[in-house]
Amino acid sequence: MPTKSLSAEYLKGLWDENPVFRQLLGMCPVLAVTNAVINGIAMGLAASFVLIFSSLVVSSIKKLIPNQVRIATYIVVIATFVTMADRFMAAFFPPISKALGPYVPLIVVNCIILGRQEAFSSRNSVGRSLIDALGMSTGFILALLILSSIRELLGAGTFLGYQVLGPWFKPWIIMILPAGAFLTLGILLGIALVIEQKTKGRTV
Amino acid sequence: MDLLMLFITAVFVQNYVLYYFLGICPFLGVSKKIDSAVSMGLAVTFVMTITAVVSWIINHWILIPYRLDYLQIVAFILVIASLVQLVEMFIRKISPPLYQALGIYLPLITTNCAIMGLALLAALKNFSFIQTVIYGVGSGLGFTLAIVLMAGIREQLDLADVPKPLKGAGIALIVAGIMALAFTGFSGMIT
């Protein structure tokens, strides 16, 4: 395992290995809850909470887990934290919990979280896993924020519920429909690749 | 809601992929060839139907009577994981040709959010047993429909002149967007 500096370990989640734009993981919540910025942020925070604490637990007990049942163990750990996040949101933020519906419990099958346990936390120290989880979470929140800002702005003319665009603006209904999610993300992926090629061309 | 309407809603109107965004990973990953898309769709339909039955029984016979519904997430995911494993072993013994066709797709289904989504949504909507079964079959067929259509389009896309940055996942998502738009037309079917 090549030893990276801790800052590089954190920063890779933001762009080089951004879970959404580069690894195409955890797409279901990304598409489903980004019709409003507030939902995107709530989903990002909930998933980050689960990812960070699951990584902490898995990396600290990795020596105790028998290899054959590791996936099942990860799933139980993840499901525990998902249940906590779900109950917490239902108790303290009922409207958001209602808006996110089944997508909070569905964090349990989010491939980002299971993927990081299998690919990173099970092989690295607690500290490094924490940094990695923080980086991936930031990258995930960033992606949700970009997508939901575009969709809310064009679909409703608002940002976080505040009217941003004037009365001349006619909302593009398609952006808050499921179709808008697919189209926006598809175009964003293309843009991300163009940026990647441009920056690669300059540094090489 | 009568059962036919429920079935049509599950297949067309509230399609799992294009309306709920569930099962996007296999939808993008296994939709390059029509044959494998059909196999994946059938495997998902099969597991979804069984999951619908088992999760209903667990929910209504164990979790609700003993007020354990806060354990829903943990219970469902463990049941699904072991169920997929069981189905895999069962098919391998009973029907080797079917195993040949579905084999490699079955393990992938464990982490398919469509299955977990089905268990959670059916519990959320308070369906009766019959409704849950119809809903499971319908949702599975809806997934099959979406992934097979997608595979058909993507086979044609190979020959098309797609802008380079959009090749692969980018254009697949845009195509899915247009499909979702077409599917919103079905929402007029239920009032």
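By convention in this document, chain letters (A, B, ...) are assigned in the order of the sequence lines, proteins followed by strands, and residues within each chain are numbered from 1.
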Looking only at heavy atoms, which two atoms of A/Arg87 and B/Asp69 are closest? And how far apart?
-> NH2-O, 4.5 Å
For A/Ala179 against B/Gly177, the heavy-atom pair lying closest together = CB-O, 3.3 Å
Of B/Phe21, B/Tyr19, B/Phe183, the one forming a ring pair (Phe, Tyr, Trp, His ring centres under 6.0 Å) with A/Phe182 is B/Phe21
How far does CD1 of B/Ile73 sit from CE of A/Met84, to the nearest 0.5 angstrom?
-> 12.0 Å
Let me know if B/Ile174 has heavy atoms under 4.5 Å from chain A in its side chain, its backbone, both or neither.
-> both
Among A/Pro178, A/Ala79, A/Gly180, single out the residue with the greatest number of heavy-atom pairs under 4.5 Å to chain B.
-> A/Pro178
Atom CZ of A/Phe169: over 12 foreign heavy atoms under 6.0 Å = yes
Proximity breakdown for B/Leu78 and chain A, heavy-atom pairs closer than 4.5 Å = side chain
Taking B/Ile178, B/Leu173, B/Leu166 one by one, which has the highest count of heavy-atom pairs under 4.5 Å against chain A?
-> B/Leu173
Which of B/Ile171, B/Ile24, B/Val175, B/Leu121 touches chain A most, by non-hydrogen pairs under 4.5 Å | B/Ile24
Which portion of A/Ile174 sits near chain B, non-hydrogen atoms under 4.5 angstrom = side chain
A/Phe49 atom CZ, over 12 foreign heavy atoms within 6.0 Å = yes
Chain B contacts, top residue of A/Thr184, A/Val194, A/Leu183, A/Leu188 (heavy-atom pairs, under 4.5 Å) | A/Leu183
Just wondering, are more than 12 heavy atoms of other shown residues or ligands nearer than 6.0 Å to CZ in B/Phe129?
-> yes
Atom NZ of A/Lys62 with >12 non-hydrogen neighbours under 6.0 angstrom = yes
Rounded distance [0.5 Å steps], SG in B/Cys113 versus CD1 in A/Ile107 | 12.0 Å
Is any side-chain heavy atom of B/Leu22 less than 4.5 Å from a side-chain heavy atom of A/Leu106?
-> yes
Minimal non-hydrogen separation, A/Gly190 against B/Pro165, with atom names = O-CB, 3.5 Å
Atom NZ of B/Lys164: over 12 foreign heavy atoms under 6.0 Å = no
Considering residues, nucleotides and ligands other than B/Lys33, do more than 12 of their heavy atoms fall under 6.0 Å from its NZ?
-> no
Ranked by heavy-atom pairs below 4.5 Å to chain B, first place among A/Ile191, A/Leu31, A/Leu193 goes to A/Leu31
Check whether A/Ala181 gets within reach of chain B through its side chain, its backbone, both or neither, counting any heavy atom under 4.5 Å.
-> side chain
Let me know if B/Leu120 has heavy atoms under 4.5 Å from chain A in its side chain, its backbone, both or neither.
-> side chain
Portion of A/Asp86 that has a non-hydrogen atom of chain B nearer than 4.5 angstrom | side chain
Under 4.5 Å, counting heavy-atom pairs only, tell me which of A/Ile78, A/Thr83, A/Leu177 racks up the most with chain B.
-> A/Thr83
Which bit of B/Phe76 comes within less than 4.5 Å of chain A, counting heavy atoms only: side chain, backbone, both or neither?
-> neither
Max heavy-atom pairs within cutoff under 4.5 Å with chain A, candidates B/Leu124, B/Leu28, B/Leu18, goes to B/Leu18
